[in-house]
Amino acid sequence: MLDLIILSLHFFICFLISVAIWRGPKDVDLCSSSTGTVETEPDGLILIGKEDDIKRSQRLTAKVNGREVVVFYHEGRFHAMDSRCYHEGGPLCLGEIEDINGQACIVCPWHKYKITLETGEGLYEGINPLEPSPTPQWQSKGVKQRIHKVTIDNGNVYVSPPDLSVSFDSDYFADKYKNSGDLAMEK
């Protein structure tokens, strides 16, 4: 009986630790959401937030015309894309940024899909079996993730509304989570 109690206590403690790790430290808000600061300017640009605030947090998630968009600040440049991964809707705002062949890529935290910040291309490592000694090389799947144009003006960061005349794989999950209310990151 004592063994069962100890085992149950062990699982409960492990559960609490995993929740604490998943939620992350409180002083670093990787998926900060802008609520109330998103405004449409007369030229159609959408105000996301202050340049210094985004530089400090490295990323910010906001609603742009009802769809979740994540703005990254990485190595002196701003990038914006749909916040849900084109594969299965994973929260890209929780992903790590890696350099792959000189390209900054966000790695989806759910299934480790790699997406370039600059173009929205999905990358994969493949081999050519016809080579005598095939070695894995990074290759493009094509543009899968919708990229949004970022404009900096007077210390403010703006995103252009999406051009929906062209479709991307990420549009499915952008529509699925559109107007969900709280930028929810659950599966």
Checklist entry - Are Trp138 and Ile106 joined in one hydrophobic group, where the rule is that I, L, V, M, F, W and Y side chains link up if heavy atoms are under 4.5 Å apart? => result no
Checklist entry - If you look at every heavy atom in His148 and Pro162, which pair is closest and at what distance? => result CE1-CB, 3.7 Å
Item to check | Min side-chain heavy-atom separation Phe72-Leu117 under 4.5 Å | outcome: yes
Item to check | Intermediate values then yes/no, side chain to side chain contact (heavy atoms under 4.5 Å, CB included), Asn65 and Ile46 | outcome: CA-CA 9 Å; Asn65 292 356; Ile46 298 166; 3.5 Å; yes
Next on the checklist: Show, in sequence, the C-alpha distance, side-chain angles and deciding distance for Ile48 and Ile54, and conclude whether the side chain to side chain contact (heavy atoms under 4.5 Å, CB included) test is met.
Outcome noted: CA-CA 9 Å; Ile48 299 300; Ile54 298 172; 4.3 Å; yes
Checklist entry - Do you know which two heavy atoms are closest between Pro161 and Val64, and how far apart they sit? => result CA-CG1, 4.2 Å
Checklist entry - If you take all heavy atoms of Ile152 and Phe78, which pair is closest and at what distance? => result CD1-CD1, 3.6 Å
Item to check | Linked, directly or transitively: Phe168 and Ile115 (ILVMFWY side chains, under 4.5 Å) | outcome: no
Checklist entry - So Asn156 and Lys50, side chain to side chain contact (heavy atoms under 4.5 Å, CB included) or not? Walk me through it. => result CA-CA 5 Å; Asn156 292 319; Lys50 295 287 184 191; 3.0 Å; yes
Item to check | Residue pairs involving residues 98-127 (criterion salt bridge (Lys or Arg N to Asp or Glu O under 4.0 Å); sequence neighbours excluded) | outcome: Arg77-Glu118
Next on the checklist: Rounded at 0.5 Å granularity, tell me how far CZ in Phe173 sits from OG in Ser83.
Outcome noted: 12.0 Å
Next on the checklist: If you define the side chain from C-beta out and look only at heavy atoms, does anything of Gln103 sit under 4.5 Å from Leu123?
Outcome noted: yes
Checklist entry - Atom CG in Asp52, atom OH in Tyr73: separation rounded to 0.5 Å? => result 9.5 Å
Next on the checklist: Would a single hydrophobic cluster contain both Val107 and Trp110, if residues Ile, Leu, Val, Met, Phe, Trp and Tyr are joined by side-chain heavy-atom contacts under 4.5 Å?
Outcome noted: no
Checklist entry - Pairs in or reaching into residues 161-171: which pass salt bridge (Lys or Arg N to Asp or Glu O under 4.0 Å), with residues at least two apart or in two chains? => result Arg67-Asp171, Lys144-Asp169, Arg146-Asp171
Item to check | pair Cys105-Thr116: side-chain heavy atoms closer than 4.5 Å | outcome: yes
Next on the checklist: Measuring from atom CG of Asn101 to atom OG of Ser140, what distance do you get when rounded to the nearest 0.5 angstrom?
Outcome noted: 11.5 Å
Checklist entry - Any side-chain heavy atom of Ser170 sitting closer than 4.5 Å to one from Cys85? => result no
Item to check | Where Lys149 and Thr151 come nearest, the two heavy atoms and their spacing | outcome: NZ-OG1, 3.7 Å
Item to check | Candidate pair Thr135 and Gln137, rule side-chain hydrogen bond (donor to acceptor under 3.5 Å, both in side chains), full reasoning | outcome: CA-CA 6 Å; Thr135 55; Gln137 302 288 325; 3.3 Å; yes
Checklist entry - Hey, are the side chains of Val159 and Val71 touching, using non-hydrogen atoms and a 4.5 Å cut-off? => result yes
Checklist entry - Ile147: what forms a side-chain contact (heavy atoms from CB on, under 4.5 Å) with it, not counting sequence neighbours? => result Met81
Checklist entry - Parallel under 30°, tilted from 30 to 60°, perpendicular over 60°: which one fits the rings of Tyr86 and Tyr113? => result perpendicular
Checklist entry - What closest approach, in Å, do Leu45 and Ser160 show between heavy atoms, and which atom pair accounts for it? => result CD2-OG, 3.3 Å
Checklist entry - Roughly how far apart are Glu88 CD and Lys176 NZ, rounded to 0.5 Å? => result 8.5 Å
